[in-house]
Amino acid sequence: MGTTLADHLRSLPDDGLGALIGLRPDLVVPVPADLSALAVRVQSRLSVARALDGLDQFTLEVLDALRLISTPDGVSVDALLALTTATGGVDPATVRRALDLLRAHVLVYGEDSALHLVATIDEVCSPYPAGLGRPAAELDAEAAALAADPARLRRTLLSAPPAARAVLDRLAAGPPVGSVRAGAGDDSPVGWLVTHRLLVPTGDTEVELPREIGLLLRRDAGALGALHPEPPEVRAVPHDPRTADATASGQAMEVVRHAETLLEALAAEPAAVLRSGGLGVRELRRLARTASVDEPAAALLLEISFAAGLLGTADTGERGLDAHFLPATPYDTWRSGSLAQRWAVLARAWLAMTREPRLVGERDERDRPVNALATEAERAGAPGIRRAVLGIVTDLPPGASPDVDDVLSRLIWAAPRRARGRQAGIFDQRARYDRRQDRFEDKVIARAHPGR
């Protein structure tokens, strides 16, 4: 009889349980009554999803490999190594490190000869491990018969028109599902593939590539497709460290100056708090013009000032119904400090605040604009992302400036599940950054060449 998850937890030493709780602190909130209750919580969907959200791309790829070859009796480490090292020649030691991480999170447990996945892994992961579809036998009897005849399957693939083969190659790379336009005939690429049972309809407009066909199409790349055992390289442009320090000091001075200008503007004319919370678009524009910054920069500085306790709200009406944003009591103390002290206050607040100012001006899930200082911009994971960015930058040589796309790629590799929901917004922010850089470079060129 196989070892149960509860048995596995009972076999862990105290430091093993302590490491688990350190990696998954939600397991002890509230404190479980016993190890059986802890086992139930370890495999709860929400807790498993949280644990997966913190894993890097390669560890998730190793998990997908386990899911792909999992059986009721478990999976051996040797089978896992055979599968992963055959794809791109990944070092077995790297695979073992990823497996150790999965074991430390107790997403995988058991002896090397019989590894088991916690019960809810498949419920919170993609239904298509490694981007492969379901076995043909689960989809369609005719497709299963085709997959069971290797010679016939190869002949059918070779006879596919170029457009149909392009569809197959795209689905083989994953995900293995696609949609087809309503009314598409048998002479269309997808229609040809469905007729020849290389694709199986799974709905009125959906089709799926059976796993066996996907594996055959991946014969050169390997069953798992491309693996990513190492994080993407971050390219950097070298600069003289003294020049970089001087430039950074100048930017710090500008941040402090603009923040003070915004707060002084609110002291002279407080801005009303919207009934739904936050600062109105008109007021943000007014403050941005006063500080001579664009609206995203104004929103960022206001959010940081609020997080630092320099900006607050007060009821100015007789019945306490007219709330306004205005400088808070600590502002006077902050303003009297040195430049370095004021900068440190803003920098610490930025690093710790659970806000994402980039969301200001975007639309929320109800298609309403997100206002500065409104609750819709609250994101608990924001501090972790900032620390991750700083970690990437501090690993570079002194004075070097990283390529922004490379930094984004590294962040996505480090936590792809978290990045999935943020990626569109992140790249929208990159586009805004590029536009600001273009405006900055235009100003520099105009100053250097007044006649141009």
Side-chain angles (χ1 to χ4, degrees), residues 60-76 78-88 115-117 119-227:
L60 293 174
E61 288 170 346
V62 171
L63 179 63
D64 260 5
L66 287 168
R67 294 177 60 213
L68 190 64
I69 59 177
S70 178
T71 69
D73 295 328
V75 179
S76 70
D78 290 341
L80 173 66
L81 292 175
L83 179 61
T84 52
T85 55
T87 301
L115 298 172
H116 293 274
L117 305 175
T120 50
I121 284 286
D122 287 335
E123 296 178 24
V124 297
C125 292
S126 165
Y128 308 107
L132 292 166
R134 290 171 287 178
E138 297 182 15
L139 295 171
D140 177 74
E142 291 184 39
L146 175 64
D149 187 343
R152 178 184 164 211
L153 175 58
R154 286 187 174 87
R155 288 196 303 270
T156 306
L157 283 173
L158 290 173
S159 66
R165 182 56 187 261
V167 172
L168 286 179
D169 290 339
R170 181 160 50 84
L171 294 179
V177 291
S179 58
V180 59
R181 293 189 305 272
D186 293 344
D187 56 343
S188 69
V190 173
W192 189 94
L193 293 169
V194 169
T195 300
H196 290 78
R197 312 318 289 170
L198 293 172
L199 290 182
V200 177
T202 56
D204 292 338
T205 59
E206 292 82 31
V207 292
E208 183 172 334
L209 179 69
R211 179 173 299 179
E212 295 86 349
I213 299 174
L215 288 171
L216 180 59
L217 293 169
R218 287 186 182 184
R219 60 188 177 277
D220 294 329
L224 301 177
L227 297 180

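- Between Leu217 and Arg165 the shortest side-chain heavy-atom distance falls below 4.5 Å.
- Closest non-hydrogen pair, Trp192 versus Ala164, comes out as CE3-CB, 4.3 Å.
- Considering every non-hydrogen atom in both Ser159 and Thr156, the closest pair reads OG-O, 2.8 Å.
- Between the side chain of Ser76 and the backbone N or O of Ala79, at least one donor-acceptor pair lies under 3.5 Å.
- The minimum heavy-atom distance between Leu63 and Cys125, with the atom names listed, is CD2-SG, 4.4 Å.
- To the nearest 0.5 Å, the span separating CZ on Arg67 from CG on Leu117 amounts to 8.0 Å.
- Closest non-hydrogen pair, Val194 versus Pro201, comes out as CG1-CG, 3.7 Å.
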Practice task
Test Leu199 against Leu171 for side-chain contact (heavy atoms from CB on, under 4.5 Å), laying out the working first.
Solution key: CA-CA 10 Å; Leu199 290 182; Leu171 294 179; 3.6 Å; yes
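- Expressed to the nearest 0.5 Å, how far CG of Leu153 lies from CD1 of Ile213 amounts to 5.5 Å.
- Remark: the backbone N or O of Pro129 is not paired with any side-chain donor or acceptor of Ser126 at under 3.5 angstrom.
- Side-chain contact between Leu216 and Arg219 is present, with heavy atoms from C-beta onward closer than 4.5 Å.
- Between Leu132 and Arg218, the closest side-chain pair of non-hydrogen atoms falls below 4.5 Å.
- Using a 4.5 Å heavy-atom cutoff, the side chains of Arg211 and Leu68 are in contact.
- What you find for Ala136 and Pro210 is that their closest heavy atoms are CB-CB, 3.9 Å.
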Problem - Leu224/Asp64 under side-chain contact (heavy atoms from CB on, under 4.5 Å): CA gap, chis, key distance, verdict - result: CA-CA 8 Å; Leu224 301 177; Asp64 260 5; 5.7 Å; no
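- Put simply, OG on Ser70 and CG on Asp122 are 7.5 Å apart, with the number rounded to the nearest 0.5 Å.
- Here the CG-CG distance, from Leu115 to Asp73, works out to 12.5 Å after rounding to the nearest 0.5 Å.
- Looking at heavy atoms from C-beta onward, Leu146 lies in side-chain contact with Leu198 at the 4.5 angstrom threshold.
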Practice task
Begin with the C-alpha distance, continue with both residues' side-chain angles, and end with the deciding distance and a verdict on side-chain contact (heavy atoms from CB on, under 4.5 Å) for Val167 and Leu193.
Solution key: CA-CA 9 Å; Val167 172; Leu193 293 169; 3.9 Å; yes
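- Counting only distance, with no hydrogens or angles, the side chain of Glu206 and the backbone of Val177 share no donor-acceptor pair below 3.5 Å.
- Interatomic distance, OG1 of Thr195 versus CD of Glu142, reported as 10.5 Å (0.5 Å rounding).
- Expressed to the nearest 0.5 Å, how far CG of Leu209 lies from CG of Leu139 amounts to 9.5 Å.
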